[in-house]
Amino acid sequence: MASPIRKILDLPNDSIKKTLFVALALCLVCSILVSAAAVMLKPLQDQNKALDKKKNILEIAGLMQEGKSIDELFSQIEPRIIDMTTGEYVTDVDVATYDQRKAANDPAQNIVLKAEDDIAGIKRRAKYTSVYLVKDGEKVKSIILPVHGYGLWSTLYGFLALESDAKTVVGLGFYEHAETPGLGGEVDNPGWRKKWVGKQVYNEAGDVVIRVIKGHVDSSTPNAESKVDGLSGATLTSRGVDNMLHYWLGKQGYTKYLNNIRKEGAM
Ligand SMILES: Cc1cc2nc3c(=O)[nH]c(=O)nc-3n(C[C@H](O)[C@H](O)[C@H](O)COP(=O)(O)O)c2cc1C
């Protein structure tokens with residue numbers, strides 16, 4: 001006796017039943033292939049994501065070197081986790097697996113920001129944050145801090161690297177955003193990123209003084225060392241970067257941690 005599938009396949013090619021059957025079978029096969037590929041490639045994607053994050057941290061800290069592997073270069077960096085409320089290191093969380101972005105969306109691990117505090121437009125943030133220390137023996141050479149905030153179209157995610165004085169910029173860069181290429185997307189322009197190197201984010205009194213201004217910084221004006229050129233035609237993204245830094249360097253952000261670093265040195 002012919003199977004039901006055989007019976008359908010034996011129908012003429014222009015029969016509606018056979019056409020629907022072939023279309024459905026094709027959809028089923030394709031969806032199985034796509035799902036299998038997605039599942040099988042997930043570990044590789046996660047691995048590449050982790051490698052990309054390490055590469056970004058190295059680039060922002062100015063530690064990339066030709067001919068050396070990312071893992072080898074990253075071995076000079078010590079990831080740590082801090083409690084944002086106290087600015088102290090936390091030891092009961094696994095640094096290797098802690099996902100700050102996931103934690104920021106988990107009511108058990110986040111705090112919801114009051115509207116008046118939320119200058120970076122992020123709504124909530126994780127209670128614990130990853131930081132990365134570039135060390136020379138026991139001495140901290142630089143501190144790399146994750147930062148994120150809203151630009152014009154998107155939340156920009158990146159890192160700010162500071163020297164061991166916890167106020168001089170080593171680098172600022174973003175690894176994820178959806179600002180317009182050529183406008184807000186110029187945050188990735190190496191020329192603009194270079195302008196950040198050596199800038200002072202705090203004044204002597206400990207106030208956040210870094211500013212992304214509209215236009216060019218005149219080096220003869222007061223506080224030029226704390227001002228960075230805005231992106232032309234992208235004032236809103238520039239303002240987003242400014243707000244983001246004011247949030248993360250401010251009292252809600254890394255102030256306590258950076259004060260601890262200054263007081264206690266390497267920690
Ligand atoms: C299609 C389109 C994309 C834009 N993308 C951005 C952007 O990514 N970032 C930004 O700040 N402004 C962007 N703008 C411009 C803003 O709307 C706004 O005009 C600009 O930020 C003002 O900057 P300016 O004062 O330097 O001209 C875009 C405008 C258009 C029409």
Side-chain angles (χ1 to χ4, degrees), residues 46-47 49-65 68-106 108-111 113 120 122 124-149 156-176 196 201-202 206 208 244-245 247-267:
D46 289 345
Q47 208 181 325
K49 243 188 189 169
L51 205 65
D52 192 49
K53 190 172 170 185
K54 285 182 182 173
K55 188 170 158 239
N56 273 291
I57 292 173
L58 288 166
E59 270 175 359
I60 290 154
L63 297 172
M64 278 305 268
Q65 273 178 47
K68 287 205 173 162
S69 80
I70 289 176
D71 282 327
E72 189 184 349
L73 291 169
F74 203 77
S75 63
Q76 61 194 307
I77 294 181
E78 187 183 312
R80 301 291 298 267
I81 294 177
I82 57 165
D83 180 335
M84 295 294 275
T85 318
T86 60
E88 304 280 348
Y89 291 116
V90 172
T91 48
D92 59 344
V93 179
D94 182 7
V95 189
T97 54
Y98 182 66
D99 185 337
Q100 191 178 323
R101 282 174 71 170
K102 243 189 213 160
N105 288 320
D106 175 1
Q109 298 185 73
N110 72 10
I111 61 156
L113 305 183
I122 55 175
R124 55 188 72 80
R125 69 151 170 76
K127 289 177 186 160
Y128 292 173
T129 301
S130 310
V131 296
Y132 304 85
L133 303 175
V134 183
K135 285 184 125 176
D136 184 5
E138 276 309 293
K139 222 173 150 286
V140 172
K141 280 203 310 193
S142 50
I143 312 137
I144 302 157
L145 308 165
V147 290
H148 68 280
L156 295 98
Y157 291 88
F159 295 101
L160 170 72
L162 297 177
E163 283 181 17
S164 56
D165 64 2
K167 63 177 185 177
T168 307
V169 176
V170 173
L172 171 73
F174 299 98
Y175 62 90
E176 189 181 315
W196 286 87
V201 293
Y202 293 108
V208 186
M244 165 195 324
L245 293 182
Y247 175 78
W248 286 102
L249 292 167
K251 288 197 168 51
Q252 293 266 330
Y254 298 111
T255 296
K256 276 204 180 120
Y257 170 63
L258 295 176
N259 282 342
N260 289 344
I261 284 256
R262 277 186 220 105
K263 262 189 267 158
E264 296 168 37
M267 297 216 298

Distance check, rounded to the nearest 0.5 Å: [X] atom [atom1] versus [Y] atom [atom2]?
X    : Y    : atom1 : atom2 : result
L258 : D165 : CG    : CG    : 10.0 Å
E176 : K53  : CD    : NZ    : 11.0 Å
K139 : L133 : NZ    : CG    : 13.0 Å
R101 : S130 : CZ    : OG    : 12.0 Å

Ring-plane angle category for W248 and H148, please: parallel below 30°, perpendicular beyond 60°, tilted otherwise.
tilted
Indicate the atoms forming the closest heavy-atom contact of [X] with [Y], along with that distance.
X    : Y    : answer
Y247 : A120 : CB-CB, 3.8 Å
V90  : Y128 : CG1-CE1, 3.7 Å
A108 : K127 : O-NZ, 3.5 Å
I77  : P79  : O-CD, 3.5 Å
A161 : I144 : CB-CG1, 3.9 Å

Looking only at side-chain N and O atoms, does T85 offer a donor or acceptor that is under 3.5 Å from a partner on D83?
yes
Listing, residues 57-64 side-chain donor-acceptor contacts under 3.5 Å, not counting sequence neighbours, or none:
none

Given L51 and D71, is the side-chain contact (heavy atoms from CB on, under 4.5 Å) satisfied, shown in steps?
CA-CA 8 Å; L51 205 65; D71 282 327; 4.1 Å; yes
Within the structure provided, determine whether [X] and [Y] are in side-chain contact (heavy-atom separation under 4.5 Å).
X    : Y    : answer
Y202 : R262 : yes
I261 : L162 : no
N260 : T86  : no
L245 : L172 : yes

Take a 6.0 Å sphere around NZ of K55 and say whether it holds more than 12 heavy atoms from other residues, nucleotides or ligands.
no
Can you list everything that forms a side-chain contact (heavy atoms from CB on, under 4.5 Å) with [X]? Sequence neighbours excluded, please.
X    : result
K68  : Q65, E72, L73
T129 : I82, M84, Q100, P146, Y254
Q47  : L44

Going through the distances and angles, do L249 and L160 end up as a side-chain contact (heavy atoms from CB on, under 4.5 Å)?
CA-CA 10 Å; L249 292 167; L160 170 72; 3.8 Å; yes
Taking only residues two or more places apart in sequence or in another chain, which ones pass ring-ring contact (aromatic ring centres under 6.0 Å, His included) with Y175?
F159
Please enumerate all residues that pass ring-ring contact (aromatic ring centres under 6.0 Å, His included) together with Y98, with sequence neighbours excluded.
none
Begin with the C-alpha distance, continue with both residues' side-chain angles, and end with the deciding distance and a verdict on side-chain contact (heavy atoms from CB on, under 4.5 Å) for V95 and R80.
CA-CA 6 Å; V95 189; R80 301 291 298 267; 5.8 Å; no
